[in-house]
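Report on the structure given below.
Heavy atoms only: backbone and side chains are in, while hydrogens, waters and symmetry mates are out.
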Amino acid sequence: MPGDSSTSSKPPHKAYRIINIKTYVPLILDINSHNYDPWSDFFTAHCIAYDLQDYIDATYDAPNKLPTDTKWEQLDNLVKLWLFNSISQSLITNAYSPHASARKICLNISSIFNENKQTTAMQLESELRCITMGDLSVHDYCNKIKKLADLLEVSGEKVKERDMVIHALNELSNKYEGLAEIIQL
């Protein structure tokens, strides 16, 4: 009966309440930003919080067959929209596959970043070797060195603390020259 309260419809999935994924995943993933790991952590945590981890992990991955469950397909497409709204335009072009599931898009993105780990590590090592203080404050200069070392570690290359100190001391501005000499002794 139309007014009968015993026939209740299930409320829509809570994921449909997300209007702007950038509120929850505040990073835009880009190949040149070296931010895959934090982006991936944010995105995965968001999917887990909204009970959608099945759409990005190996729980369901049928690359040659689209799911027949309409609700599954709708949520899968919602996760794909989240993915495409949290990555750069150039990355969309590289990660996109026609009729791909959200899981396939995640695998494409992961593949792009894992294939580039060696190149990224070499680029970061070069940047660390060539770093100069310039007009930076000592605090900003040291933070820049620490960030490069952290990015290298994410790429699988551990930078020794001693090496970070040597890089920092070698390119301190002239006004810190005396301090650098004392520390290097």
Side-chain angles (χ1 to χ4, degrees), residues 15 17-50 52-53 55-57 79-96 102 105-185:
R17 296 183 207 139
I18 304 301
I19 295 169
N20 185 0
I21 187 66
K22 293 174 186 168
T23 303
Y24 301 93
V25 182
L27 301 172
I28 295 296
L29 180 62
D30 185 70
I31 195 75
N32 297 318
S33 296
H34 310 295
N35 62 349
Y36 175 74
D37 289 311
W39 173 87
S40 180
D41 286 346
F42 275 120
F43 198 87
T44 301
H46 180 72
C47 287
I48 290 170
Y50 282 86
L52 295 171
Q53 64 271 22
Y55 295 85
I56 61 170
D57 68 15
V79 174
K80 281 174 35 177
L81 289 171
W82 288 350
L83 283 163
F84 290 135
N85 280 300
S86 65
I87 65 177
S88 70
Q89 185 66 44
S90 63
L91 200 50
I92 290 171
T93 303
N94 292 321
Y96 175 78
I105 302 298
C106 283
L107 289 172
N108 291 350
I109 292 169
S110 176
S111 174
I112 290 166
F113 283 89
N114 287 328
E115 287 174 5
N116 287 326
K117 272 194 173 187
Q118 282 291 56
T119 304
T120 299
M122 290 185 332
Q123 177 187 359
L124 292 168
E125 284 174 352
S126 174
E127 210 174 312
L128 186 58
R129 279 192 306 275
C130 298
I131 195 166
T132 59
M133 184 172 184
D135 293 336
L136 295 173
S137 69
V138 171
H139 181 266
D140 290 342
Y141 177 61
C142 290
N143 278 344
K144 188 173 179 181
I145 291 170
K146 171 85 169 90
K147 181 181 177 190
L148 287 170
D150 290 346
L151 289 170
L152 273 163
E153 189 166 344
V154 166
S155 296
E157 302 291 327
K158 179 78 173 141
V159 179
K160 294 178 185 172
E161 217 171 284
R162 170 183 53 108
D163 292 339
M164 287 192 323
V165 171
I166 290 169
H167 288 302
L169 293 175
N170 285 340
E171 294 301 327
L172 277 174
S173 65
N174 291 340
K175 68 181 181 179
Y176 298 104
E177 193 174 309
L179 178 63
E181 287 176 12
I182 292 170
I183 294 174
Q184 286 179 339
L185 293 176

- [ ] Going by the salt bridge (charged side-chain N to carboxylate O under 4.0 Å, His left out) test, name the single residue among K147, K160, K158 that passes it with E153.
- [x] K158
How long is the gap from [atom1] on [X] to [atom2] on [Y], to the nearest 0.5 Å?
X    : Y    : atom1 : atom2 : result
L152 : H34  : CG    : NE2   : 9.0 Å
D163 : I145 : CG    : CD1   : 11.5 Å
L27  : F42  : CG    : CZ    : 5.0 Å
I56  : S40  : CD1   : OG    : 7.0 Å
Q89  : D30  : CD    : CG    : 11.0 Å

- [ ] Please step through side chain to side chain contact (heavy atoms under 4.5 Å, CB included) for the pair Y36 and I112, ending with a clear verdict.
- [x] CA-CA 10 Å; Y36 175 74; I112 290 166; over 6 Å; no
Nearest non-hydrogen partners of [X] and [Y], listed with the distance:
X    : Y   : value
N108 : A95 : ND2-O, 2.7 Å
S88  : I28 : N-CG2, 3.7 Å
I105 : Y96 : CD1-CA, 4.2 Å

Side-chain touch [X]/[Y], heavy atoms, less than 4.5 angstrom:
X    : Y    : value
E125 : V159 : no
F113 : D37  : no
Y141 : I131 : yes

Open item on the list: Test of understanding: with ring-ring contact (aromatic ring centres under 6.0 Å, His included), list the residues that count as partners of Y24, not counting sequence neighbours.
Closed with: H46
Open item on the list: For L29, is there any backbone N or O sitting under 3.5 Å from a side-chain donor or acceptor partner on S33?
Closed with: no
Open item on the list: What I want to find out is whether D150 reaches K146 closely enough, with some N-O distance under 4.0 Å, to be called a salt bridge.
Closed with: yes
Task: Atom CG of D135: over 12 foreign heavy atoms under 6.0 Å - done: no
- [ ] For a side chain to side chain contact (heavy atoms under 4.5 Å, CB included) with T23, tell me which candidate from I21, I19, N20 qualifies.
- [x] N20
Donor-acceptor pairs under 3.5 angstrom involving side-chain atoms of residues 80-87: please list them, not counting sequence neighbours.
from: K80; atom 1: NZ; to: A100; atom 2: O; distance (Å): 2.7
from: N85; atom 1: ND2; to: L81; atom 2: O; distance (Å): 2.8
from: S86; atom 1: OG; to: W39; atom 2: NE1; distance (Å): 3.2
from: S86; atom 1: OG; to: W82; atom 2: O; distance (Å): 3.1
from: S86; atom 1: OG; to: L83; atom 2: O; distance (Å): 3.1

- [ ] Not counting sequence neighbours, which residues clear side-chain hydrogen bond (donor to acceptor under 3.5 Å, both in side chains) with N114? List them please.
- [x] S110
